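Have a look at the structure below before the remarks.
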2 protein chains.
Amino acid sequence: MGANGQEQQGTGIKRPPRLGEEVYNAIYAQLMSLKIPPGGRISVDNLVRELGVSQTPIREALSRLEAQGLVLKTHLVGYSAASQMDRKRFEQLYELRMLLEPYAAAQAAQHMSDAAVANLKRLAGEMEPTGKEDPRSAYSRFAQRDSEFHDLVAQGAGNELVQDSLARLHIHVHLFRLFYHSLATSEASIEHGEIIAAIDARNAVAAEKAMRVHIEKSKARFIHAVISAD
Amino acid sequence: MGANGQEQQGTGIKRPPRLGEEVYNAIYAQLMSLKIPPGGRISVDNLVRELGVSQTPIREALSRLEAQGLVLKTHLVGYSAASQMDRKRFEQLYELRMLLEPYAAAQAAQHMSDAAVANLKRLAGEMEPTGKEDPRSAYSRFAQRDSEFHDLVAQGAGNELVQDSLARLHIHVHLFRLFYHSLATSEASIEHGEIIAAIDARNAVAAEKAMRVHIEKSKARFIHAVISAD
DNA sequence: CGATATAAAATCCTATCGGATATATTATTG
DNA sequence: CAATAATATATCCGATAGGATTTTATATCG
């Protein structure tokens with residue numbers, strides 16, 4: 001089972017696209033872009049009119065989003081976007097990352113294929129801040145790549161359950177919805193580089209430590225925006 | 001957000017029951033009881049006839065089960081129960097448990113309320129093998145209590161994300177579907193007692209170690225049944 | 001007898017409809 | 001004027017019907 005449920009079938013048989021899948025992606029994009037604000041209500045009928053499909057695929061997509069914790073459902077009331085993380089949830093998220101991701105980095109250093117490492121390097125290259133760009137869309141792009149980076153490391157660890165558990169957190173979604181105004185990407189690129197170097201050197205201990213440092217610094221970069229909540 | 005999505009609303013307002021929820025529980029029970037075998041196809045129309053409800057709530061329940069990884073969906077083909085764990089997945093499951101549950105036990109020793117500890121003791125008492133009982137239903141009962149026990153410890157750790165990540169694995173479902181013929185409950189009861197004692201003594205180090213030992217022994221008890229797969 | 005092509009059945013996927021409930025608005029009353 | 005009650009609207013929940021696709025069964029042919 002893949003991380004995002006969008007893995008390709010090995011056989012080349014092309015199946016017609018599922019409408020529910022596109023609806024899922026559409027809603028997901030609206031959550032990422034903050035078009036649907038935290039806590040905002042999500043009306044099925046509105047989506048019917050907006051997307052031009054019937055209720056069935058929309059409800060199917062919303063059920064999946066609900067199971068993933070991205071939207072909430074109240075019986076006979078409707079769906080609504082998950083509220084922003086409070087301080088407590090933020091701490092919990094990084095606590096959990098700290099349990100899984102350094103381990104994943106260490107495993108990746110031992111098991112990752114050379115091709116996958118090359119993939120990692122390529123991706124890191126694309127994350128470099130490109131001089132002049134709209135800061136907001138730049139951070140959006142960075143968040144996307146950053147998510148892929150961490151997912152690749154988790155995938156390299158070879159434990160699909162760990163990879164899935166991390167993917168299900170939708171870390172980049174929640175963080176972006178908190179910090180869309182932020183920027184701070186150059187520091188993270190450096191830290192990513194150190195992680196890649198350790199993995200490339202097949203140094204598990206160094207990879208684990210580099211990931212640990214990266215997550216700690218990431219938390220320090222972001223925590224200022226959430227101090228409001230107790 | 002609760003672990004199973006079945007938490008009660010704090011307010012006493014009674015909402016009419018959701019049909020989709022009962023359908024979910026019905027299918028879940030059929031998975032636990034192996035009435036739907038691993039990999040077995042799940043026909044929506046059959047469920048319509050069997051449960052006497054329309055397709056809508058059934059598809060809603062199946063979507064949630066799909067998001068939780070308990071059933072698979074193939075476009076234009078239908079739903080099917082998740083296949084049995086193979087050796088690799090079994091190893092991954094215990095690897096992940098080893099990352100999260102000892103940590104949860106240590107946190108529980110520090111943060112769990114006395115009332116919750118009492119709850120833990122009560123539950124452990126109910127898990128004692130009760131002399132004469134049908135071995136199979138005895139193990140079914142044990143699996144249920146065991147799941148609650150570990151969930152309570154995770155809850156006591158105070159990190160809902162860790163608790164949810166563990167709950168989403170549906171450990172007891174997958175293990176039961178592998179080892180429904182097994183029994184081995186008395187040993188686990190002893191190990192549970194040691195975990196409780198450490199938590200009760202507020203000894204985080206001992207609780208972490210006791211949980212670690214318990215998971216390792218649990219793995220050793222079950223691994224024989226999965227050696228077939230490479 | 002085996003393989004292929006055709007036909008039939010089962011199933012899923014989407015769309016539409018009616019009933020039930022919660023929410024918002026308005027009107028009434030102390 | 002504030003608070004309550006009644007109404008109106010919007011929305012969800014569940015049921016049903018039709019179209020599309022896959023799968024299975026059957027028949028035909030080499």
Side-chain angles (χ1 to χ4, degrees), chain A residues 5-6 8-27 30-31 35-37 39-67 70-83, chain B residues 5-6 8-28 30 35-37 39-67 70-83:
Chain A
Q6 47 180 294
Q8 293 287 0
Q9 203 77 325
T11 63
I13 52 174
K14 56 175 178 182
R15 294 192 179 279
R18 331 177 205 181
L19 204 42
E21 188 70 19
E22 298 186 31
V23 173
Y24 177 92
N25 293 331
I27 301 175
Q30 292 196 11
L31 290 173
K35 181 176 176 183
I36 300 176
R41 292 192 52 172
I42 304 176
S43 160
V44 174
D45 288 352
N46 284 352
L47 288 173
V48 165
R49 287 184 281 272
E50 179 181 341
L51 301 178
V53 298
S54 114
Q55 291 191 0
T56 308
I58 292 176
R59 297 180 47 175
E60 193 261 355
L62 285 174
S63 292
R64 283 167 52 197
L65 288 167
E66 182 204 7
L70 288 177
V71 307
L72 259 60
K73 176 174 154 185
T74 311
H75 186 50
L76 295 179
V77 173
Y79 291 92
S80 60
S83 56
Chain B
Q6 46 179 297
Q8 292 288 0
Q9 203 79 326
T11 63
I13 50 174
K14 54 177 179 180
R15 295 190 180 280
R18 332 177 203 183
L19 204 43
E21 189 70 19
E22 299 186 31
V23 172
Y24 176 92
N25 291 331
I27 300 174
Y28 194 96
Q30 292 196 9
K35 181 175 176 181
I36 300 177
R41 292 191 53 174
I42 303 177
S43 162
V44 174
D45 287 352
N46 284 352
L47 288 173
V48 166
R49 286 184 281 273
E50 179 181 341
L51 301 179
V53 299
S54 109
Q55 292 190 359
T56 308
I58 291 177
R59 295 176 59 100
E60 192 263 354
L62 285 173
S63 292
R64 282 165 53 196
L65 288 167
E66 182 203 8
L70 288 177
V71 307
L72 259 62
K73 175 175 155 185
T74 312
H75 186 50
L76 296 180
V77 172
Y79 290 92
S80 59
S83 57

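A note on names: the letters A, B, ... follow the listed sequences, proteins ahead of strands, and every chain is numbered from 1. Owing to the predicted nature of the structure, the values given are computational and were not obtained by experimental measurement.
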For [X] against [Y], the heavy-atom pair lying closest together:
X: B:R59; Y: B:Y79; result: O-OH, 4.5 Å
X: A:I36; Y: A:A81; result: CG2-CB, 3.8 Å
X: A:I27; Y: A:A61; result: CD1-CB, 4.4 Å

Between [atom2] on [N] and [atom1] on [X], what's the gap in Å once rounded to a whole number?
X: A:R18; N: C:dC13; atom1: CZ; atom2: P; answer: 9 Å
X: B:E66; N: C:dC12; atom1: CD; atom2: P; answer: 13 Å
X: B:R59; N: D:dC13; atom1: CZ; atom2: C1'; answer: 15 Å
X: B:L19; N: D:dT16; atom1: CG; atom2: P; answer: 12 Å
X: B:R41; N: C:dA9; atom1: CZ; atom2: C1'; answer: 13 Å
X: B:I58; N: C:dT11; atom1: CD1; atom2: P; answer: 13 Å
X: B:Y24; N: D:dG14; atom1: OH; atom2: C1'; answer: 20 Å
X: B:Y79; N: C:dA10; atom1: OH; atom2: C1'; answer: 17 Å

Original post:
Picking from D:dT22, D:dA15, D:dT11, which would you name as closest to the side chain of B:V77?
Top reply: D:dT22

**OP:** Look at B:E60 together with A:R64 and state whether they make a salt bridge at an N to O cut-off of under 4.0 Å.
**Re:**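 Salt bridge between B:E60 and A:R64, a charged N being under 4.0 Å from a carboxylate O: no.
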
Original post:
For A:H75 and D:dC12, is the shortest distance between a side-chain N/O and OP1 or OP2 below 4.0 Å?
Top reply: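 A:H75 to D:dC12 OP1/OP2: no side-chain N or O under 4.0 Å.
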
Original post:
For A:A67, which residues count as a side chain to side chain contact (heavy atoms under 4.5 Å, CB included) partner, sequence neighbours excluded?
Top reply: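 In terms of side chain to side chain contact (heavy atoms under 4.5 Å, CB included), with neighbours along the sequence ignored, A:A67 is linked to B:A67.
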
Base, sugar-phosphate, or nothing: which does [X] touch, judged by heavy atoms less than 4.0 Å apart?
X: B:E60; answer: nothing
X: A:I42; answer: sugar-phosphate
X: A:S43; answer: sugar-phosphate

Distance-only donor-acceptor hits, side chain of residues 48-58 of chain B, under 3.5 Å, sequence neighbours excluded:
| residue | atom | partner | partner atom | Å |
| --- | --- | --- | --- | --- |
| B:R49 | NH2 | B:N46 | OD1 | 2.8 |
| B:E50 | OE2 | B:Q30 | NE2 | 2.7 |
| B:E50 | OE2 | B:K35 | NZ | 3.3 |
| B:S54 | OG | B:T56 | N | 3.1 |
| B:Q55 | NE2 | B:D45 | OD1 | 3.1 |

Original post:
For residues 44-54 of chain A, which residues have at least one heavy atom under 4.0 Å from DNA chain D?
Top reply: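 Only A:V44, A:D45, A:R49 qualify.
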
Subject >> A:E66: salt bridge (charged side-chain N to carboxylate O under 4.0 Å, His left out) partners, not counting sequence neighbours >> reply: none

